[in-house]
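Reading through the structure tokens given below for one structure.
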Amino acid sequence: MTPEDDSAEDGGGDLMAIARRDRRLSRASVTFFQDETSIRNFSISSTSDGGLVDSEGRVRDEYILQRQSVNRPTKLNKVPLLCDLTTSSNITNVDGWVLSMLLVSGFAKMSSKINELNAINVFPIADGDTGANMKVCLKLPIRNLLLKPSDNIIIASREMAADVLLNGQGNSGTILSHFFVELAEAVREVKKSDMSVDEFASCLIKAGMAMDDAVPNPVNGTLLSVCRDALVGLKKQRPYATLDVLLSAMHRNCQSELAKTPDQLIVDGVKVLEKAGVVDSGAQGFAYLAEGMYLASIGELPNAFDPEMFHTVTLATVDDSPPISVDHTVCDSKYRYCTEAVMLLKEGVTPDVVFDRVQKAATQEGIGDSAVFVKGFDMVKIHMHTNNPDQLFDTLQPFNRDSILKKEKVEDMLAMRESMHGDETLDLGDAKFTIMGLCSYLLPRTFDLDELHTLPIFAVPSSTQEPIDMRFVSDEDVCVILNQQRHKESAVRYTTAASNPMQLKIEILAALTKGKPLLMFLFSTDKRVSAIGRNTMIAIDMLEDEQKKLVKVFVHGWTFYEQPFLMEAIKFAKAGKSIDEAIEACKEIADHCFSFSSFVTSSSVRKLQAWRPGLFPEGFTIEDDSFIAFGLPVTTRDVVLTDTERLGKLMGIQNKATSMVDLQDAEIARVKDNLKPDEKLSKIIVQTIGRIDIGHQYLQKLKDAHVPLMDDVELSVCNAGMFAAVASAWGEMSAVYVVKKV
């Protein structure tokens, strides 16, 4: 691999490891339990540093920073056997190791059913992400339990609770967070490092009884009600002498409550699950957790010790579930964005104050619905469906300890549903050529990326120096990384590395197996400018002569703004046009019709200036806390620029402002002013960094300002992938325009 570029900040730091009984314990040290439980006249001997909360009950920033360092290649090469669950008929006590193995077993079963859980997701909106959200919620927290296991059940349960609080997303993930927080509290109240199976059952029951507190208006027939009723139902079989009896009862209860969900969930008088022919997806996920624990106890869970299920980046997700036909139109939402925030409360602010304010904003001010709350000491998590994420974030900020929220997340549920269940598919089976470029990094998820070939580029975090193939980093992991990069203390310096020529040759040969010519997109072949371009040309030169004849390279010269050329080529391929016709159309755009606006913060400009000072004029300076728009004049060009001239145009400053809103307005005015009377925009492609709502906001502003658009203008908005974490900052965006004469 060859260095390509770098950005972001150095940060982080290792916390001390704590030992007890000659064993290394988990990173969230026992200090937390001394500090926290001493307030309640109960103590566990430990050292004095590194816990979750300090002696005043406030969440330690160091702990949060430690827990935010999650998107790195796992060091878990094997799943340790902390206890043998097949002997559960002889297990009478539950400690931290038993709890950890139960969670591993439940996760093993659930993670094998992700595609099924996504497919049956219809409530509250069919955005097809329930399985993914539940996996994100549990994967890293459970992995962390195994990296440095503790046999103390208070420590293990509290670590799990803290980690799911940070990692849980979506309705299902947030409700699971609430469950694990309540379970940890119930375990703490028993005041034992291990407890009898019946005492553990009592903790599960207490957690179940507290589930209604997760949302303002609990709905039956969902994850919440199945978790609540299945666990509370454990009362009927008490006392539990051995673990096998408890696991069997919990599995049986979950299956019974799950079967009720189609009849229980009623929306506007319609039994939506029954109409769709499914059970609730979140409830099914919870039932799989219980089933995995039960199967492990009877020796029928073969994948429980596969470390691959904890890897952050995998080439494929193994799902043993059959295809499912579901009606995903039974639930529609008037709100577009699934929005979440994690915050640390100001001194004197209680979670209830925040919850009351958010609930008022949802019900009286109408900013959203599906509000879910999770509290963990002075750390609070809020989930809501809304059309204006900024309204939720602004509502929370007065109660927030820091200048920015600890975590933000915005997902476009309508786009997710279209991607998951829409009728449009990208069928290039009859295409006369194959396409390779920066496809999976730049194109919206509505494109079937399996039909395209992506040049492999690697991100290398300074914390591990282990390359991550950016093609396979999930949107969920990107969100985690971007939030990590928002905080200077937890930011990690990233570089990129291009594939070496042999790796690229293998990718090219894979594309050529379709027996068609290959259209290769590069922004430069100059080795001084692009390592990926240089190495791709070397790889092509390594091919056999007959193979070389099948590869045609199109160099567009506009760096990573490759979307319009890829989309034009895809359109020509779908229409059955030739590779030469596609190249000619792409050349017309690159030479005469391409333009862009790049909306960046002053901090990103400084990083870029430090990395590539030659891109900036001598004496260039930028004001603190400002926003800058780089770009080209938005008009057609008669003169064809050379590649060198194109590179020199990229850093042309078009506007400056003190906010992203003002910068958008200034750029819209510029676009409108630049267009000649006989010109209109035929394509606008917006790529956002974490805040997809800002992209949609920009498109709406363009329309409202009556910017001239073709009647058949192509509009798209998508979040950037792993590139965003390497080279950009949260809330930034870019817009690519294609200008046509009319």
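Along the sequence shown, the residues carry numbers beginning at 1.
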Requested in this report: Would you check if Met134 and Leu176 make a side-chain contact, meaning some heavy-atom pair closer than 4.5 Å?
Outcome: yes

Query - Atom pair NZ (Lys260) and CD (Glu257), whose distance is rounded to the nearest 0.5 Å - result: 3.5 Å

**Report entry** Pairwise side-chain contact, Ile175 with Phe286, heavy-atom cut-off 4.5 Å (strictly under)
**Finding:** no

Query raised in the report: With the threshold set at 4.0 Å, does a side-chain nitrogen-carboxylate oxygen contact exist between Glu347 and Arg401?
Result: no

Query raised in the report: Between Ile367 and Lys360, is a side chain to side chain contact (heavy atoms under 4.5 Å, CB included) present by the stated rule, with each step listed?
Result: CA-CA 9 Å; Ile367 73 168; Lys360 178 183 177 183; over 6 Å; no

Query raised in the report: Closest approach of Lys683 and Val713, non-hydrogen atoms and distance?
Result: N-CG2, 4.0 Å

Query raised in the report: Looking only at heavy atoms, what is the nearest atom pair of Thr395 and Pro398, with distance?
Result: O-CD, 3.4 Å

Query - Spacing of CG belonging to Leu699 relative to CG belonging to Asp704, to within rounding of 0.5 Å - result: 11.0 Å

Query raised in the report: Strictly by modelled atom types, are Asp412 and His696 linked by a side-chain donor-acceptor pair under 3.5 Å?
Result: yes

Query - Asp390 backbone acceptor or donor facing Asn388 side chain under 3.5 Å - result: yes

Query raised in the report: Sub-3.5 Å donor-acceptor pair from the side chain of Asn387 to the main-chain atoms of Lys334, do we have one?
Result: yes

Query raised in the report: Where do Thr658 and Glu623 land on the side chain to side chain contact (heavy atoms under 4.5 Å, CB included) test, with the steps shown first?
Result: CA-CA 10 Å; Thr658 57; Glu623 297 83 6; over 6 Å; no

Report task. Establish, from distance only, whether the side-chain atoms of Asp693 and Gln697 form a donor-acceptor pair under 3.5 Å. Result -> no

Query raised in the report: Do Tyr441 and Phe560 have ring centres separated by under 6.0 Å?
Result: no

**Report entry** Check: Gly690 main-chain N/O paired with Asn719 side-chain donor or acceptor under 3.5 Å
**Finding:** yes

Query raised in the report: Donor-acceptor pair, Lys740 side chain versus Leu681 backbone, under 3.5 Å?
Result: no

Query raised in the report: Any donor and acceptor pair, going by atom type alone, linking the side chain of Thr454 with main-chain N or O of Arg471 inside 3.5 Å?
Result: no

Query raised in the report: Does the side chain of Asn674 come under 3.5 Å of the side chain of Thr635 through a donor N or O and an acceptor N or O?
Result: no

Query raised in the report: With side chains defined as the heavy atoms from C-beta onward, is the minimum distance between His383 and Cys338 less than 4.5 Å?
Result: yes

Query raised in the report: So, the side chain of Ser595 versus the backbone of Pro633: is there a donor-acceptor pair under 3.5 Å, distance only?
Result: yes

Query raised in the report: Going by heavy atoms in the side chains, are Phe630 and Gln654 under 4.5 Å from each other?
Result: no

Report task. Let me see the working for Gln687 and Tyr561 under side chain to side chain donor-acceptor pair (under 3.5 Å), right down to the final yes or no. Result -> CA-CA 10 Å; Gln687 191 165 57; Tyr561 299 110; over 6 Å; no

Query raised in the report: Can you tell me if Gln485 and Trp730 form a side-chain donor-acceptor pair at under 3.5 Å?
Result: no

**Report entry** From CA spacing to verdict: salt bridge (charged side-chain N to carboxylate O under 4.0 Å, His left out), Arg691, Glu732
**Finding:** CA-CA 8 Å; Arg691 291 292 302 274; Glu732 295 180 345; over 6 Å; no

Requested in this report: Give, for atom CG of Leu224 and atom CZ of Phe179, the distance between the pair rounded to the nearest 0.5 Å.
Outcome: 11.5 Å

Query raised in the report: Is a side-chain donor or acceptor of Asn655 paired with a backbone partner of Ala629 at a separation under 3.5 angstrom?
Result: no

Requested in this report: Report yes if some heavy atom in the side chain of Lys701 is under 4.5 Å from a heavy atom in the side chain of Val707; otherwise report no.
Outcome: no

Query raised in the report: At their closest point, which heavy atom of Phe565 faces which heavy atom of Ile589, and how far apart are they?
Result: CE2-CG2, 3.6 Å

Report summary line: Of all heavy-atom pairs linking Tyr335 and Gly366, the shortest is OH-O, 3.4 Å

Query raised in the report: Can any side-chain N or O of Asn400 pair as donor or acceptor with the backbone N or O of Ile404 at less than 3.5 Å?
Result: yes

Query - Donor-acceptor contact present, side-chain His178 to main-chain Ala210, <3.5 Å - result: yes

Query raised in the report: Rounded to the nearest 0.5 Å, how far does OG1 of Thr339 lie from CD of Gln391?
Result: 10.5 Å

Report task. For the pair Thr601 (side chain) and Phe627 (backbone), establish whether a donor and an acceptor sit closer than 3.5 Å, ignoring hydrogens and angles. Result -> no

Query raised in the report: Under the side chain to side chain contact (heavy atoms under 4.5 Å, CB included) criterion, do Ile266 and Val272 qualify, and how do the steps go?
Result: CA-CA 6 Å; Ile266 301 174; Val272 294; over 6 Å; no

**Report entry** Side chain proximity check, Glu340 to Glu411, heavy atoms < 4.5 angstrom
**Finding:** no

Query raised in the report: So do Val342 and Val380 actually touch side chain to side chain, heavy atoms under 4.5 Å?
Result: no

Query raised in the report: Can you name the nearest heavy-atom pair linking Gln563 to Leu443, along with the distance?
Result: O-CD2, 4.4 Å

Query raised in the report: Does a donor on one side chain and an acceptor on the other come within less than 3.5 Å for Arg228 and Asn220?
Result: yes

Requested in this report: Drop me the distance from Ser734's OG to Phe599's CZ, to the nearest 0.5 angstrom.
Outcome: 8.5 Å

Requested in this report: Decide if the gap between the ring center of Tyr737 and the ring center of Phe594 is smaller than 6.0 angstrom.
Outcome: no

Query raised in the report: Can you name the nearest heavy-atom pair linking Gly131 to Ile114, along with the distance?
Result: O-CD1, 3.3 Å

Query raised in the report: Atom CD of Glu667 and atom CG of Asp665: how far apart are they, to the nearest 0.5 Å?
Result: 10.5 Å

Query - Ile685 vs Pro564 side-chain heavy atoms within contact, under 4.5 Å - result: yes

Requested in this report: Go through Leu344 and Asp402 one step at a time and tell me if the side chain to side chain contact (heavy atoms under 4.5 Å, CB included) criterion holds.
Outcome: CA-CA 7 Å; Leu344 298 176; Asp402 301 322; 4.1 Å; yes

